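These notes are about the structure you will find just below.
Everything quoted here is computed from the prediction, not taken from an experiment. Indexing begins at 1, ligand by ligand and atom by atom, following the structure's order.
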Amino acid sequence: MGIADVNFVKGFIRMANDGWEQGWHERNGGNLSYRIKEEEVSEVKQFFHENDNWMDIGTEVPDLANEYFLVTGSGKYFRNVIIDPADSICIIKVDDTGTKYCILWGLENGGRPTSELPSHLMNHEVKKKVSDGRYRVIYHAHTTNIIALTFVLPLDEKIFTRELWEMATECPVVFPSGVGIVPWMVPGGRDIAIETSKIMEQYDVAVWAHHGLFAAGEDFDLTFGLAHTIEKSAEILVKVLSMTPNKLQTIQPDEFRRLAVDFGVTLPERFLYKK
Ligand code: 2HA
Ligand code: ZN
């Protein structure tokens, strides 16, 4: 049995390929990370090599000290993950100060973890805390229609959330806390990581203006499903806006309130403003 037969590695590879097939990962676009469970670490330990080469994360994540992550590689293509995982992805360990990492498996032809490692790890740190350890997946994708909307909708979480909710009845059930927005920033560093992780305190999705989205979830199905639902909703909105500037009818605030009762979700009133 190879490492690619281990369940969580299989799930990771499948999700990367699903994202590629959706068209969200041109060239080396996007990145994915998974916080490995303790019992899963013991399933893959036999594949680790000795490495004492500790590198700077570029930010501090003390609450992730000594945790293990499976992550995509910087400059690697999602398209290739399924064909050659050992070249495209890696397992890293965070040190006991939460400032450094070392590579224990993968990237066998050289390379480093994703350029967005600071954002991934800071988001993991926040989500681990606010979900009592349940959330394990952070996903960044260049979702076409969400990106398009960041040119025409105000970069306001209230407007984005409400417009996306209106596009499909089950949207508020899938992302009841709404979506947060990061205005355009230089990607790949600590500053955008800090802004994104602030959003993750409250939301499971951060839209990066003119760039894509970050989604967080408990497992691969929920996280991919969340990104997929949001991007599909964005696609419907792009179609609607392309046909007309004015919707003839839509879902009303009181109808959202009834939906919330029947589906047992809490929808924040700030998203149910009268237009
Ligand atoms: O190229 O998507 O945001 C990887 C990225 C950086
Ligand atoms: Zn990106």
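- Residue-ligand proximity, Asn28 to ligand 1, at heavy-atom distances under 4.0 Å covers atoms 1 (O), 4 (C).
- Residue Arg27 places no heavy atom under 4.0 Å from ligand 1.
- The cationic group of Arg162 lies under 6.0 Å from the six-membered ring centre of Tyr273 and within 45° of the ring axis, placing it in a cation-pi geometry.
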message = Assess the residue pair Phe47 and Leu104 against the criterion (side chain to side chain contact (heavy atoms under 4.5 Å, CB included)); give the C-alpha distance rounded to whole Å, side-chain angles, the decisive distance to 0.1 Å, and a yes or no.
response = CA-CA 8 Å; Phe47 301 101; Leu104 296 174; over 6 Å; no

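- Inspection of the environment of the Zn ion (ligand 2) yields the following protein N, O or S atoms under 2.8 Å: His140 NE2, His142 NE2, His211 NE2.
- Atom 6 (C) of ligand 1 has Glu116 OE2, 3.1 Å as its closest protein atom, hydrogens excluded (heavy atom only).
- Residues passing the side-chain contact (heavy atoms from CB on, under 4.5 Å) test with Glu235 are Asn145, Lys239, sequence neighbours excluded.
- From the protein, the heavy atom lying nearest to atom 5 (C) of ligand 1 is Asn31 ND2, 3.5 Å.
- Polar contact check, Gly29 against ligand 1: no nitrogen or oxygen pair lies under 3.5 Å apart.
- Contacts with ligand 1 closer than 4.0 Å are made by no heavy atom of Thr114, backbone or side chain.
- Between His211 and ligand 1, an N or O atom pair is found at a separation short of 3.5 Å.
- Residue Ile194 is found in a hydrophobic cluster whose other members, listed by chain and number, are Met55, Ile57, Val61, Leu64, Phe69, Val71, Ile92, Val94, Tyr101, Ile103, Leu107, Leu117, Leu121, Met122; membership requires side-chain heavy atoms under 4.5 Å apart, directly or through intermediates.
- If you number the atoms of ligand 1 from 1 as listed, the ones under 4.0 Å from a heavy atom of His140 come out as 2 (O), 3 (O).
- Rounded to the nearest 0.5 Å, atoms CG (Leu241) and CD1 (Ile236) are 12.0 Å apart.
- For the side chain to side chain contact (heavy atoms under 4.5 Å, CB included) with Phe256, the lone residue among Thr169, Val265, Ile251 that qualifies is Ile251.
- Within the 4.5 Å cutoff, side-chain heavy atoms of His211 are placed close to those of His142.
- There is no side-chain donor-acceptor pair under 3.5 Å between Ser74 and Arg112.
- A single hydrophobic cluster is not seen to contain both Tyr77 and Ile83; linkage of ILVMFWY side chains at heavy-atom distances under 4.5 Å, directly or through other members, places them apart.
- Val261 belongs to no hydrophobic cluster, as no Ile, Leu, Val, Met, Phe, Trp or Tyr side chain comes under 4.5 Å of its own.
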